[in-house]
J.: 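One structure, pasted below without further comment.
Residue numbering restarts at 1 for every chain, and letters A, B, ... go by the order of the sequence lines.
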There are 2 protein chains.
Amino acid sequence: MFSIGELSKRTKVKVPTIRYYEEMGLLAEAERTAGNQRRYDKDGLERLSFIRHARDLGFSIEAILSLIELQDHPDRSCEAANSIATSQLVSVRAKIKQLKALEKELVRISKGCDGSGVSEDCYVLASLSDHGLCDREH
Amino acid sequence: MFSIGELSKRTKVKVPTIRYYEEMGLLAEAERTAGNQRRYDKDGLERLSFIRHARDLGFSIEAILSLIELQDHPDRSCEAANSIATSQLVSVRAKIKQLKALEKELVRISKGCDGSGVSEDCYVLASLSDHGLCDREH
DNA sequence: CTTGAACCTCTAGTCACTAGAGATCGTATA
DNA sequence: TATACGATCTCTAGTGACTAGAGGTTCAAG
């Protein structure tokens, strides 16, 4: 049995975040000492590791709640879990695509500016003002 | 002179968002009719287009405020604006890198699941539970 | 038994909006 | 000129996933 601070150290999840997860129903309510402090065991550690890993992968709290439910009712959960993972993959790919477009435009904008500080008109500001200079729609 | 709804249509920025930008100091306080409704002109339209474009590129409200200040004090603003754009580019690239790592892992997780629904243990859930299965740190 | 770090709960703040209530305004039509 | 009704106004509160701080209590070492 260890304290919330100990759990925090082991999982790299901040103490207030652990309490927040409990409040959101991601973590079961922890056992308490006589003095009302939370105590955790191996199970709690594993579940929090699972949550942290899923959060790192960009799953929302809501999606994680679904995954946890699936864990508790393992019949045919594989398909359901896979569909959650797949939809996460789809949104990650969409984000990458969008960011790459942004990268391209930012490169273009930066290139126009030679950094000499001599030019009267700033190309960065002009680019942002005049959408007509863009390659793409957004 | 046109209404906030008209401005919204032309810029594709929602009406409450325009009011929010005004409150945040991104847009100057608009002129008002006798009946207290906002009225805009070409200047307002251009500034809002600038803001929308910058937001689309992922600049924060704060960064946009800096850019607007630079516009109002154009002496040597090019370097400053360029440095804001460059730091934006750096963070966009960092996000892309991170998302690509996530994509890789999600692909790996999904591949493990054959979707047949036959397997007792779900590879998706196992992958999320056991960090040791990951290729990388996160 | 004392000290002080760690813990507790509660409220409020973050960012960039979005939603809704309830009241007023502007304009097209009768 | 009267009426209808969509657009506008202000204000408050909600979103997601935390983070920060106040003010008080508990635990464990010395």
J.: Using a cut-off of 4.0 Å between protein heavy atoms and nucleotide atoms, how would you tag nucleotides 3-28 of chain D 5' to 3' with B, S and -?
T.: -----SSB------BBS------SS-
J.: Restricting to side chain to side chain contact (heavy atoms under 4.5 Å, CB included), what partner residues turn up for B:S8, sequence neighbours left out?
T.: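 With sequence neighbours excluded, B:S8 shows a side chain to side chain contact (heavy atoms under 4.5 Å, CB included) to B:V15, B:I18, given in chain and number order.
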J.: What pairs of residues pass the salt bridge (charged side-chain N to carboxylate O under 4.0 Å, His left out) test when at least one of them lies in residues 58-67 of chain B, not counting sequence neighbours?
T.: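 Found none.
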J.: Which residues pass the side chain to side chain donor-acceptor pair (under 3.5 Å) test with A:R39, sequence neighbours left out?
T.: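 Partners of A:R39 by the side chain to side chain donor-acceptor pair (under 3.5 Å) criterion come out as none, since no residue qualifies.
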J.: Identify, with sequence neighbours excluded, every residue that meets side chain to side chain donor-acceptor pair (under 3.5 Å) alongside B:R19.
T.: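 B:R19: no side chain to side chain donor-acceptor pair (under 3.5 Å) contacts found.
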J.: Who are the side chain to side chain donor-acceptor pair (under 3.5 Å) partners of B:K42, not counting sequence neighbours?
T.: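 B:E46.
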J.: Rounding to a whole Å, what distance do you find between B:L65:CG and C:dC15:P?
T.: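 After rounding, the gap between these two atoms is 11 Å.
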